[in-house]
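Everything on this sheet refers to the single structure shown next.
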Amino acid sequence: MSILDVKFVQGFIRLCNDGWQQGWHERNGGNLSYRMKDEEVEEVRPFLHEPGEWKEIGTSVPDLANEYFMVTGSGKYFRNVILDPEDSTCIIELDDKGENYRILWGLVNGGRPTSELPSHLMNHEVKKHKNENYRVIYHAHTTNTIALTFVLPLKDEVFTRELWEMATECPVVFPDGVGVVSWMVPGGRDIAIATSELMKKYDVAIWAHHGMFASGYDFDLTFGLMHTVEKSAEILVKVMSMSPTKLQTITPKNFRDLAVDFNVKLSEEFLYEK
Ligand code: 13P
Ligand code: ZN
């Protein structure tokens with residue numbers, strides 16, 4: 001038995017490799033974090049080493065105090081995670097204030113958790129408030145979604161509506177819609193605050209000219225959400241490349257009918273007349 005046999009560790013590694021195979025992780029692009037369950041902490045405890053030094057997170061997440069996370073390393077390549085997870089990822093513990101972290105496993109050749117740790121942890125905190133079941137935060141450099149941030153207005157309602165229109169199952173998969181953050185310097189507290197504000201309302205936040213954050217209960221749901229949004233963006237890029245106008249589409253009335261049959265609530269703010 002090795003830590004690599006533990007189910008959540010396998011799920012973490014598989015998501016990294018799936019994302020790499022989708023082409024969303026050039027070089028060290030993207031990062032992933034998982035908020036561990038108490039029983040999972042106990043399961044891996046025999047494999048943890050003496051704690052490293054306490055280091056500043058760069059923001060404060062008091063409601064995540066003393067929690068454990070598996071996280072990708074800064075500068076690490078998603079394509080290498082499956083080959084050498086102990087080099088590319090780590091397990092960290094937060095202190096009793098939620099202001100510092102220390103490494104308990106992984107990053108055996110040195111390094112630190114992702115530079116987007118403030119965004120990941122602030123998103124986890126918001127999602128945990130909403131629902132204890134949220135455990136995964138995933139950031140990827142999704143090509144088509146990024147492309148759209150150059151041609152669509154950077155408004156939540158426009159991105160939500162345009163993405164919903166591109167595939168009938170979209171409003172069922174992300175009925176709350178998607179949020180958009182205008183261009184900001186990545187890696188810091190400001191973009192973390194802006195993103196976590198959007199995560200109060202949505203499970204998806206798009207970073208203009210950069211990528212996407214998705215959140216979910218488990219690896220399947222979170223990867224599936226990222227995949228669905230990005231596929232919809234790909235269809236929109238193709239449609240816009242063929243023609244500046246659509247001959248037909250899914251209408252606001254169609255969405256309202258879908259909402260009834262699929263038992264989802266679709267906010268009228270996204271069903272505006274164009
Ligand atoms: P890290 O290598 O620090 O995770 O950064 C990659 C990235 O995508 C930054 O937004
Ligand atoms: Zn990024």
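In what follows, every heavy atom counts, from backbone to side chain, and hydrogens, waters and symmetry copies are set aside. One-based numbering, in listed order, for ligands and for the atoms of each.
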Candidate list Leu94, Ile92, Leu104, test side-chain contact (heavy atoms from CB on, under 4.5 Å), partner Tyr68, passing option: Leu104
Aromatic Tyr272 / basic Arg161 pairing, under 6.0 angstrom, 45° off normal: yes
Partners meeting salt bridge (charged side-chain N to carboxylate O under 4.0 Å, His left out) with Glu169 (sequence neighbours left out): none
Distance below 2.8 Å from the Zn ion (ligand 2): protein N/O/S atoms: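 Those protein N, O or S atoms (cut-off: under 2.8 Å from the Zn ion (ligand 2)) are His139 NE2, His141 NE2, His210 NE2.
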Atom NZ of Lys97 with >12 non-hydrogen neighbours under 6.0 angstrom: no
Shortest non-hydrogen contact from Met166 toward Ile235: O-CD1, 3.5 Å
Min side-chain heavy-atom separation Arg45-Glu43 under 4.5 Å: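 Side-chain contact under 4.5 Å: no.
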Close side-chain approach of Val180 and Lys155, heavy atoms under 4.5 Å: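 The answer is no; the side chains never approach within 4.5 Å.
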Residues Glu40, Tyr34; criterion side-chain contact (heavy atoms from CB on, under 4.5 Å); working and verdict: CA-CA 11 Å; Glu40 290 167 335; Tyr34 175 73; 2.8 Å; yes
Neighbouring protein residues of ligand 1 - any heavy atom closer than 4.0 Å: Asn28, Gly29, Gly30, Asn31, Ser74, Gly75, Thr114, Ser115, Glu116, His139, His141, His210
Counterpart residues, side-chain contact (heavy atoms from CB on, under 4.5 Å), relative to Glu56 (two or more places apart):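 Applying side-chain contact (heavy atoms from CB on, under 4.5 Å) to Glu56 gives Asn100.
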